[in-house]
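Please read these numbers as outputs of a predicted model, since none were measured by experiment.
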Amino acid sequence: FNQAYKRELVMVSDCLQKGGKLSEHMVLNPKIFPPLLVQMIIVGETTGSLSDSLLYLTKIYEDELNDLTKNLSVVIEPVLMIFMGIIVGFVAISIITPIYGIAQNLHP
């Protein structure tokens, strides 16, 4: 678990225990908590539908993560193909080179 997030969430928890809002501490830390997250939590607290806002955020971030992992696999695939081609080529050359050496020594 990321220690920075752990520390910030403990501070958010302390703020909640003192009667504050969930968004109060999050607004102060834009590097840890993205602006979209903070704004959606503020809207959820204001309208009284925080759970719906959090579920919506969950869907957004899950879709974003799925897209990133899909794009990452698309980028890694050509690199792996080149790497496997180099390995197969090395194995093929290392097998064929001794065979040619032996074949040349057989002719008088």
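Summarising the geometry, atom CD1 belonging to Ile32 is positioned 7.0 Å from atom CZ belonging to Arg7; distances are rounded to the nearest 0.5 Å. One distance of note links CD1 of Ile86 with CE of Met81; it measures 12.5 Å at 0.5 Å rounding. If you take CG on Asn29 and CD on Glu8, they are separated by 4.0 Å, rounding to the nearest 0.5 Å. Taking NZ from Lys21 and CG from Leu50, the interatomic distance works out to 11.0 Å, rounded to the nearest 0.5 Å. Note that the CG atom of Leu55 and the CD1 atom of Ile60 stand 11.5 Å from one another [nearest 0.5 Å]. Rounding to the nearest 0.5 Å places CD of Glu24 at 4.5 Å from SG of Cys15.
You'll find the side chain of Ile41 stays beyond 4.5 Å of the side chain of Phe33, heavy atoms only.
No single ILVMFWY cluster, assembled from side-chain heavy atoms under 4.5 Å apart, contains both Leu28 and Met26. Val43 and Val12 fall into different hydrophobic clusters, where Ile, Leu, Val, Met, Phe, Trp and Tyr side chains are chained together by heavy-atom contacts under 4.5 Å.
Residue pairs meeting the side-chain hydrogen bond (donor to acceptor under 3.5 Å, both in side chains) criterion with at least one partner in residues 66-89, sequence neighbours excluded, are absent. Pairs passing the salt bridge (Lys or Arg N to Asp or Glu O under 4.0 Å) check and including a residue from residues 48-65, sequence neighbours excluded, read Lys59-Asp63.
Counted within 6.0 Å of OH on Tyr56, heavy atoms from surrounding residues, nucleotides or ligands total 12 or fewer; the atom is thus considered open.
With hydrogens and angles ignored, the 3.5 Å screen pairs a side-chain donor or acceptor of Glu45 with a backbone N or O of Ser23. Although no hydrogens or angles enter the test, the distance criterion places a donor-acceptor pair under 3.5 Å between the side chain of Thr58 and the main chain of Leu54.
Listed here is the closest heavy atom pair of Val75 and Pro78: O-CD, 3.2 Å. Of all heavy-atom pairs between Tyr61 and Leu37, the closest is OH-N, 3.8 Å. In plain terms, the two heavy atoms of Gly44 and Ser53 that are nearest each other are CA-OG, 3.3 Å.
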